[in-house]
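Worksheet for the structure shown next.
Both ligands and their constituent atoms are indexed starting at 1 by order of listing.
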Amino acid sequence: MEDLLRIDGLKLTFETHDGPVSVLRGVDLTVGTGERVALVGESGSGKSVTARAIMGLLPQRRVRIGGNLHFDGSDVLKESAARAKARRGRDITMIFQDPMAALNPVFTIRQQFAAVLTRLDRPLCAAEAEDSMRTALRDVSIADPERVLDSYSFQLSGGLNQRVMIAMALVSRPKLLIADEPGTALDVTVQQQTLHIMGNLSRSYGTAILFISHNLGVVRKFADRVCVMYAGRIVEEAPTDVLFSDPRHPYTRALLASVPRLSSDRLPEPIGGSVPDLAALADGCPFEPRCPSARPECRGSVPVHRFDRRSITCIQEVAPA
Ligand SMILES: Nc1ncnc2c1ncn2[C@@H]1O[C@H](COP(=O)(O)OP(=O)(O)O)[C@@H](O)[C@H]1O
Ligand SMILES: [Mg+2]
């Protein structure tokens with residue numbers, strides 16, 4: 001599969017009042033054309049910052065960036081702000097955690113959808129725009145698009161608003177859709193429904209999806225491949241079925257163990273400790289203080305081992321089990 005998005009060794013440091021904070025510390029990530037990739041990890045691991053870098057949405061000042069980020073043949077880190085702006089909302093679109101917060105309560109859905117349509121390559125006349133909005137809403141299983149278009153976001157349920165967001169994000173037939181914890185603010189049934197709709201549409205339109213979540217369980221049925229992120233790096237990456245059946249990195253195992261199971265009466269084990277303070281990272285593996293299989297060597301440098309199907313940065317894998 002050809003890479004639509006290729007990120008190599010992406011490093012990103014914010015200059016804060018308390019000094020520099022290295023938030024991304026060498027991220028390697030690819031998304032193939034039409035592929036569905038999940039980016040998973042606890043809060044603060046750098047998922048949203050990675051998404052903003054891909055969108056070209058990072059502040060120009062107070063940020064130091066290194067490494068490479070190519071999208072569809074363009075060098076995103078070197079291109080002009082105008083070029084990035086032209087791509088946003090057309091070739092790459094994004095949906096966010098809370099649809100209510102992303103929609104503007106002052107305008108009707110129709111007014112907001114019409115604004116989205118102005119970003120398309122080709123300007124649409126009023127009748128074409130109306131037609132395009134209705135089709136897009138029917139695509140996300142909205143049976144009465146007319147009523148929804150006439151409504152304000154606060155008059156619609158969370159699930160409907162979420163579908164409206166998906167319709168808006170896909171109407172330009174983007175090459176890549178970034179979904180940053182979509183529907184986390186909604187209930188689980190609605191979240192699963194919207195994932196299902198998003199998945200079907202990506203398949204019919206050939207849209208690649210980078211799906212960001214803190215919950216490994218949610219991505220299982222959705223993603224072709226999973227990348228697990230910890231403290232600004234991808235620590236493990238594998239096809240979804242492989243990752244679930246044979247997780248290698250202790251952090252991935254801990255994340256999996258923290259997913260609730262219907263078949264069990266017991267509550268899952270939360271991962272002990274907390275995510276490290278990125279401003280004060282010591283040498284060695286950042287997961288070491290929380291790792292059940294940590295060894296003294298883990299406090300030194302983290303050896304990097306490349307496997308043919310994934311890259312793993314854990315010393316555990318040096319010795320065969
Ligand atoms: N504008 C900013 N200035 C300084 N630090 C930031 C900024 N944005 C995000 N961060 C820090 O970057 C780290 C990663 O954040 P984020 O990508 O939002 O995590 P995630 O989406 O995985 O929860 C966090 O420690 C966060 O505090
Ligand atoms: Mg986030």
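With hydrogens and angles disregarded, no donor-acceptor distance shorter than 3.5 Å links the side chain of Thr108 to the backbone of Tyr152.
From Thr30, atom OG1 reaches atom CD1 of Ile7 across 9.0 Å, with rounding to the nearest 0.5 Å. How far CG of Leu201 is from NE2 of His196: 10.0 Å, rounded to the nearest 0.5 Å. Separation of atoms CD1 (Ile197) and CD1 (Ile142) is listed at 8.0 Å; rounding is to 0.5 Å. Rounding to the nearest 0.5 angstrom, the gap separating the CZ atom in Arg83 from the CG atom in Asp75 is 10.5 Å.
Distance check on atom 2 (C) of ligand 1: some protein heavy atom falls below the 4.0 Å cut-off. In this structure, atom 27 (O) of ligand 1 has no protein heavy-atom contact shorter than 4.0 Å.
Each of the following atoms of ligand 1 lies closer than 4.0 Å to a heavy atom of Leu278: 13 (C), 25 (O). For ligand 1 and Ser43, the ligand atoms under 4.0 Å from any heavy atom of the residue are 23 (O).
Classification of the His249-Phe287 ring pair by plane angle, with boundaries at 30° and 60°, yields tilted.
Of all protein heavy atoms, the one lying nearest to atom 11 (C) of ligand 1 is Val23 CG2, 3.9 Å. Protein heavy atom in closest approach to atom 10 (N) of ligand 1: Phe14 CE1, 3.7 Å. What sits closest to atom 15 (O) of ligand 1 on the protein, heavy atoms only, is Val49 CG2, 3.9 Å. Among protein heavy atoms, the minimum distance from atom 23 (O) of ligand 1 is reached at Gly44 N, 2.7 Å. Annotation: atom 18 (O) of ligand 1 to nearest protein heavy atom, Ser48 CB, 3.6 Å.
Under a 4.0 angstrom heavy-atom cut-off, Gly41 registers as lying outside contact with ligand 1. Ligand 1 does not have Val21 within reach: every non-hydrogen atom of the residue lies 4.0 Å or more from it.
Protein N/O/S atoms found under 2.8 Å from the Mg ion (ligand 2): Ser48 OG.
Taking distance alone, with nitrogen or oxygen atoms compared against 3.5 Å, Arg62 stays at or beyond that limit from ligand 1. At under 3.5 Å, not a single nitrogen or oxygen of Thr16, backbone or side chain, sits near a nitrogen or oxygen of ligand 1.
Cation-pi geometry between Arg36 and Phe222 is met: under 6.0 angstrom from the ring centre, within 45 degrees of the axis.
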Exercise. List the steps and the verdict of side-chain contact (heavy atoms from CB on, under 4.5 Å) for Glu42 and His214.
Key: CA-CA 5 Å; Glu42 285 165 291; His214 59 265; 5.9 Å; no
Quiz item: Is there a side-chain contact (heavy atoms from CB on, under 4.5 Å) between Asn68 and Leu77 once you walk through the steps?
Solution: CA-CA 7 Å; Asn68 288 300; Leu77 299 182; 5.8 Å; no
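Open room surrounds CZ on Phe107; 12 or fewer heavy atoms of other groups in view lie less than 6.0 Å from it.
Side chain to side chain, Gln162 and Thr194 fail the donor-acceptor criterion of an N or O pair below 3.5 Å. If you check the side chains of Asp180 and Ser48, you find a donor sitting under 3.5 Å from an acceptor.
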